[in-house]
Every structure is written in structure tokens, then in C-alpha cells.
Amino acid sequence: MTRGLFITLEGPDGSGKSTIAPLVFAMLKDRGYDVILTREPGGVKIAEAIRSIILDPQNTAMDAKTEALLYAAARRQHLIEKIIPALNEGKIVLCERFVDSSLAYQGYGRQIGFDDIWTINKFAIADHMPDLTIYFDIDEKTGLERIRKNRTAIDRLDSESLHFHTLVHEGYKEVLRTFKERIRIVDASRSVDEVKESVFDAIRSFCDQRRS
Ligand SMILES: Nc1ncnc2c1ncn2[C@@H]1O[C@H](COP(=O)(O)OP(=O)(O)OP(=O)(O)O)[C@@H](O)[C@H]1O
Ligand SMILES: [Mg+2]
């Protein structure tokens, strides 16, 4: 059986990943691709439980390295229970966020450092890196304005300062430099329809190239 394709959607808060993911998932399914949609941190029961600890607004005492380890733990459980089995069945796995988010948020946002975050994540995921990553490119102010305008409940991470989000953007720039061959950048400041088409086109051309 051929191995499937592991595709991640990355980008800062409010860049539109959760809006676009189900739309692109439906487009791929309609065209006959065998695809599953999942997200981090979560995707399976144990990892969802870890997610709720991470995002709980009452957990103000959470240490940055504890948070980084929890993300890596949730990532591994999700990978083992859901992503690897689906890839072994030849499916396309479309996943919102993966290791690049930790490099940007924990490595830069929390200032733990890119190398330490890479080290703990290498332990968690071994060599199971995405085949393709779509990066939702948007400036931090636009992303945060979208969230504030459209959401009533704000979780612990949304309420971080603008400075934190600026650091996250710096982190993503480092991710883009480090992994440029794996990542396709999409301009996420456009309309939902335009972004959806660009993401779909990037995925379809990658899948078709792999198959030929
Ligand atoms: N292209 C777009 N144009 C305008 N508004 C958008 C667009 N895409 C998403 N939005 C709106 O912006 C808000 C944030 O979008 P979404 O939740 O999809 O972002 P996200 O990348 O998943 O963020 P997070 O990382 O915080 O989960 C939502 O209220 C959504 O309706
Ligand atoms: Mg989201």
C-alpha cells in the first residue's frame, strides 16, 4: 500500500486556518481524494484533554517549558493514534498546526529558543515531518483584529500581548527560512474564496506531482 500525504496548515492566530480547512477538505473529497481533516493540539481524546489544560484561561501559573512539553506530548499522541495510521492507509492527512507552530509560539513567542523546541519535538515525532505545509501569511494586526471582531470567548493564548504575536511572526519567518522546500506561502489577507482556491491549488498540484 502506498503511503499517504501529510499536509499541515500553519500561520498565526486569525490567519484563517480553521475557516479554510473544512472548505478545502470538502473540495478535495468532492474530487475523489481520500482525505481526513484533523487539528492540533488535539485530534484524539488524550490530546484533546491536554489541549484543554493548555488553553484554560485559569492556568495562569503555566510555565513556558511545561507548555512546550504539553504541546509536544499532545502532538505525539495525535501522531501515533491518528496521523500515522491514516498515512499507512494511503490517506491524505490535512492537519491544522504541527511542529512549526511550536517552533514559532514556544521557540520565539515564549522565547525558549528554536533549537530546544526542535530537540523536544524531534523526540516526540522522530522523522514524521509533513510532506507539505501551507503557510497562511498575514500581518499580526490584521489577524488579531479578525479574532477580536468575530469572537466573543477569548482563550488564554488569544489574550497574549501584541508583542507576543510579533515574536510569533518572527518565529514563523525562521521556520520559513529553515524549511523552505516543504512550505508554500499563501497570501491569507485576501477573501475567504481567494484563499481557499490558492490553498486548494497548492495541495492539488503537490498531490498530482507526487502521483505522476
Ligand atoms: N479571508 C478572510 N477574510 C476575513 N475574515 C476572515 C478570513 N478568514 C477568516 N476570517 C475570520 O477571521 C477569524 C479568524 O479566523 P480563523 O479562526 O479561521 O483563524 P485561525 O487561523 O484558525 O486562528 P487560530 O490560530 O487562532 O485558531 C474568524 O472569525 C473568521 O471568520
Ligand atoms: Mg483555528
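Please read all numbers here as calculations on a predicted model, not as lab measurements. We count ligands from 1, going down the list as the structure has it; atoms in each ligand are counted the same way. Side chains included, hydrogens not; waters and symmetry mates left out as well; all remaining heavy atoms used.
- The existence of a salt bridge linking E170 and K173 is confirmed by a sub-4.0 Å separation between a basic side-chain nitrogen and an acidic carboxylate oxygen.
- Residues passing the side chain to side chain donor-acceptor pair (under 3.5 Å) test with E140, sequence neighbours excluded: T166.
- Residue side and main chain included, T19 places no N/O/S atom under 2.8 Å of the Mg ion (ligand 2).
- Residue F114 holds its CZ atom at 3.5 Å from OG1 of T178, rounded to the nearest 0.5 Å.
- In the vicinity of T19, heavy-atom distances shorter than 4.0 Å reach the ligand 1 atoms 9 (C), 15 (O), 16 (P), 18 (O), 30 (C).
- Here's the thing with G14: one of its N/O atoms is less than 3.5 angstrom from an N/O atom of ligand 1.
- No side-chain donor from either of Y71 and R97 sits under 3.5 Å from a side-chain acceptor of the other.
- The shortest N/O to N/O separation between S18 and ligand 1 falls below 3.5 Å.
- Remark: ligand 1 atoms within the under-4.0 Å shell around heavy atoms of S15 are 19 (O), 21 (O).
- Considering OH of Y33 and CE of M27, their distance stands at 10.5 Å, rounded to 0.5 Å.
- Here the shortest heavy-atom distance to atom 2 (C) of ligand 1, taken over R97, E96, E145, R146, belongs to R146.
- Between E197 and R204 there is no salt bridge, since no side-chain nitrogen of the basic residue lies less than 4.0 Å from a carboxylate oxygen of the acidic one.
- Annotation: G16 places an N or O atom under 3.5 Å from an N or O atom of ligand 1; distance criterion only.
- The atoms of ligand 1 that sit less than 4.0 Å from any heavy atom of R190 are 1 (N), 2 (C), 3 (N).
- Counting heavy atoms closer than 4.0 Å to ligand 1, residue S189 contributes nothing at all.
- Interface of V192 with ligand 1, defined as ligand atoms under 4.0 Å from a residue heavy atom, comprises 1 (N), 2 (C), 7 (C), 8 (N).
- Listed by chain and number, the residues in a side chain to side chain donor-acceptor pair (under 3.5 Å) with T119 amount to none (sequence neighbours excluded).
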